[in-house]
Amino acid sequence: MVLRIQRIIYCHKLTIILTKWRNRARYKNKKKEDELISKHELQLKKWRNRLLLKGASAGKSNLPEQSSSEVCLVGETPECDISQLPERAILQIFFYLSLKDVIICGQVNRAWMLMTQLSSLWNAIDFSTVKHVIPDKYIVSTLQRWRLNVLRLNFRGCLLRPRTFRSASHCRNLQELNVSDCPTFTDESMRHISEGCPGVLYLNLSNTTITNRTMRLLPRHFHNLQNLSLAYCRRFTDKGLQYLNLGNGCHKLIYLDLSGCTQISVQGFRYIANSCTGILHLTINDMPTLTDNCIKALVEKCSHITSMVFTGAPHISDCTFKALSTCKLRKIRFEGNKRITDASFKFIDKNYPNLSHIYMADCKGITDSSLRSLSPLKQLTVLNLANCVRIGDVGLRQFLDGPASVRIRELNLSNCVQLSDVSVMKLSERCPNLNYLSLRNCEHLTAQGIAYIVNIFSLVSIDLSGTDISNEALNVLSRHKNLKELSVSACYRITDDGIQAFCKSSLMLERLDVSYCSQLSDMIIKALAIYCINLTSLSIAGCPKITDSAMEILSAKCHYLHILDISGCVLLTDQILEDLQIGCKQLRILKMQYCTNISKNAAERMSSKVQQQEYNSNDPPHWFGYDRAGNPLTQPDNITSSKGSLELTVEKSTYSSEEEVA
């Protein structure tokens, strides 16, 4: 009896302690939230005062406004003069700047000009970012001045004169050269560069007009060439590949990209095998002419291949997989192939024990049997089975029961429509190191499955686009705390309440995609501005209720924004572009499709401030579900059929995070 009373007293004490702890935690959270809101309101007030002062000063005088840096230079010594820092620190700062920014910095004053002339700063020059603004003569003079320091040159997409390309031949110490997508780059340009820069290790000739003449130059001059891209170069022939074995040959080549070179026959692959026996990484995308015999001819002598990429090669079959068993594969990728079946994976653990990356996106012949065969792979870290619609809960459970689940870091199960909460529960039990998970368009996923996701503590990125989740699921997901990336595109049941609840608990959030969630309004932008100020990427495409006032708040708070998609936000006007220029100076990619109230002139002015911009003022397509004023369409057939069209338009998550970085 005494023991029972003691137990009751003990339980009562625990209840009191837990109640006090809970109340204290709630008080701290409420206090923290109030502080964030107060800070937000104060910063927003300062932002608006700053805009008012700027407008007033512009109205008082037509004289050019002095910048704060100029004021400092005229009067007293500035408080922070970075020119006094050590050279190593200065270099670290300037390495973050583009070539255009470095040039602008050199025009501030003499001290800044001297900083921009540090020789190490010109080891790598990227002209592709300023190809539309810098004339040929500046490129020639720059290369002439820094010819002994330049190690890496990037001319990608530059429309230059042949004389400009020839100036690169003066860079005797050049190691990396990228002339991809340069329509004026010819064999003659390559001849000058090959004679002047024999130390090139990396050479990207993708989508240029080079012929067999260039192929003859490669083994003659570039004896140490290691990386070569000939992607979409369709003017050389099998004979050009035979030249690779001339002289000292290209025997040190370890990476080769032949994507889109449909003119290469089986004999051409034999020539490659004879001259480039040390190849480790091979990429052959967009090759409808590629057959099993081509791969067999290649691997006869190239047995050291560790990475193979085939996308857009529909005639590759299980025979290729069998032929590759002689190689030491660690990474393999097929995509959109209907001839690859479960037979390819039958003995995969014996033939490829070191496989760490497997990409089998959109391979309709793969079933649960393949997943069972993959389970013994102990080194597997990345598995992409997007659009493999025949995979279900049984196969995934068998895969996760094996040793492969322990090290898996990235798992893409987009459009695997047979998966349900059962699979997610198994993931939470067996994948302690999972960082990236995509369950896009897995329509059987419910709030219960989201509760299991919360238990994957290592998770930093989750894609739930196209699922049937609601605010309840987002409330549950907000308990995770460590998520940095969330995509809930086309989740039609989500409202402002769900996004606000998630943002309050996700202070580390960096990327958010809520596109085509048409019920969302300005409230979510306010929540992001208060709680998620480290945001770098935001997509609110297809959200017709977003207005200028919300974008003003975003510009005032989210200064690290790099990517912004406001396509279909029909209420936005030219004013938001002015706000973005002032507040989001790091913005690099801006998408403004179907923005009916943004003028062409304003978009053209904004295009000079970003690296990539998409714009049109057309009416939103019918499958957006609303008209140019943001009003819902009356025809129910247009709205109900929107989901099928949306899957074609919304960016498909068929690639892992590592592929995006590459």
Side-chain angles (χ1 to χ4, degrees), residues 25-45 47 446-447 450-451 453-454 459-465 467-561 564-566 568-569 571-572 576 583 630:
R26 286 176 177 172
Y27 171 76
K28 283 188 174 181
N29 286 336
K30 183 69 168 59
K31 184 179 179 182
K32 186 177 181 180
E33 185 177 334
D34 291 341
E35 288 176 354
L36 286 173
I37 293 174
S38 300
K39 185 178 179 181
H40 163 75
E41 291 175 350
L42 181 61
Q43 290 179 339
L44 190 59
K45 187 176 179 180
W47 161 270
T446 67
I450 301 299
I453 291 176
V454 174
L459 201 65
V460 296
S461 175
I462 179 74
D463 188 348
L464 300 171
S465 301
T467 59
D468 198 38
I469 64 170
S470 62
N471 291 342
E472 179 189 356
L474 281 180
N475 279 322
V476 174
L477 192 62
S478 66
R479 299 202 302 263
H480 192 284
K481 309 287 187 185
N482 295 324
L483 284 178
K484 294 184 178 180
E485 301 177 8
L486 173 67
S487 179
V488 286
S489 175
C491 294
Y492 303 109
R493 297 175 62 194
I494 288 177
T495 65
D496 292 340
D497 294 337
I499 298 296
Q500 283 178 302
F502 177 79
C503 290
K504 286 181 181 180
S505 301
S506 305
L507 304 183
M508 300 173 63
L509 192 66
E510 296 178 1
R511 302 183 68 177
L512 179 64
D513 184 354
V514 291
S515 54
Y516 309 102
C517 297
S518 55
Q519 298 187 64
L520 301 182
S521 70
D522 290 351
M523 297 303 295
I524 67 151
I525 302 296
K526 183 178 179 181
L528 288 170
I530 295 174
Y531 305 107
C532 307
I533 59 174
N534 295 319
L535 205 66
T536 60
S537 175
L538 175 63
S539 177
I540 49 176
C543 297
K545 297 181 181 180
I546 305 296
T547 66
D548 286 357
S549 60
M551 298 306 296
E552 180 191 16
I553 295 174
L554 185 76
S555 303
K557 292 295 297 293
C558 298
H559 302 304
Y560 305 108
L561 203 61
L564 179 62
D565 189 351
I566 53 174
C569 296
L571 299 182
L572 299 182
I576 67 124

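Quick note: residue numbers are just sequence positions, from 1.
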query: Taking atom OG of Ser521 and atom CD1 of Ile540, what is their separation to the nearest 0.5 Å?
result: 11.0 Å

- prompt: How many angstroms lie between OG1 in Thr446 and CD in Glu472, if you round to the nearest 0.5 Å?
  reply: 8.5 Å

query: What distance do Tyr531 atom OH and Leu507 atom CG have between them, rounded to the nearest 0.5 Å?
result: 9.0 Å

task: Looking only at non-hydrogen atoms, find the nearest pair between Phe502 and Leu486 and report the distance.
output: CE2-CD2, 3.4 Å

field: Separation of Ser478 OG from Ile499 CD1 (nearest 0.5 Å)
entry: 11.0 Å

statement: Contacts of Asp497 meeting salt bridge (Lys or Arg N to Asp or Glu O under 4.0 Å) (sequence neighbours excluded), chain-then-number -> none

query: To the nearest 0.5 Å, what is the distance between CG (Leu528) and CD1 (Ile553)?
result: 11.0 Å

- prompt: Any side-chain heavy-atom pair from Cys569 and Pro544 closer than 4.5 angstrom?
  reply: no

message: Assess the residue pair Cys491 and Thr467 against the criterion (side-chain contact (heavy atoms from CB on, under 4.5 Å)); give the C-alpha distance rounded to whole Å, side-chain angles, the decisive distance to 0.1 Å, and a yes or no.
response: CA-CA 6 Å; Cys491 294; Thr467 59; 3.8 Å; yes

message: Side chains of Asn482 and Val460, heavy atoms from C-beta outward: is any pair under 4.5 Å?
response: no

- request: List the atom of Asp496, the atom of Leu520, and the distance in Å for their closest heavy-atom pair.
  value: OD1-CA, 3.3 Å

field: Distance (rounded to the nearest 0.5 Å) between Cys517 SG and Tyr492 OH
entry: 8.5 Å

field: Salt-bridge contact Asp522-Lys545 (side-chain N to carboxylate O under 4.0 Å)
entry: no

- prompt: Is any side-chain heavy atom of Arg493 less than 4.5 Å from a side-chain heavy atom of Asp468?
  reply: yes

Beyond-backbone contact of Ser465 with Val488, side-chain heavy atoms, under 4.5 angstrom: no

task: Mind listing the closest non-hydrogen atom pair of Cys558 and Cys532 along with its distance?
output: SG-O, 4.0 Å

Heavy-atom side-chain contact between Arg511 and Leu535 under 4.5 Å: no

message: Given Ile546, which partner from the list Leu572, Ile566, Ile576 fulfils the side-chain contact (heavy atoms from CB on, under 4.5 Å) test?
response: Leu572

message: So which atom in Leu483 and which in Leu459 form the shortest heavy-atom distance, rounded to 0.1 Å?
response: CD2-O, 3.8 Å

- prompt: Which heavy atom in Ala501 sits nearest to a heavy atom in Asn475, and how many Å separate them?
  reply: CB-OD1, 2.8 Å

query: Distance only, no hydrogens: is a donor on one side chain within 3.5 Å (strictly under) of an acceptor on the other, for Thr547 and Ser549?
result: yes

message: Please enumerate all residues that pass side-chain contact (heavy atoms from CB on, under 4.5 Å) together with Ile450, with sequence neighbours excluded.
response: Leu445, Ile453, Leu464, Ile469, Ala473, Val476, Leu477

message: Test your reading of the model: is there a side-chain donor-acceptor pair from Asn471 to the backbone of Thr495, 3.5 Å cut-off?
response: yes

- prompt: For the residue pair Ala527 and Gln500, what are the closest heavy atoms and their distance?
  reply: CB-CG, 3.8 Å

query: Is there side-chain contact between Leu554 and Leu538, with at least one heavy-atom pair below 4.5 Å?
result: yes

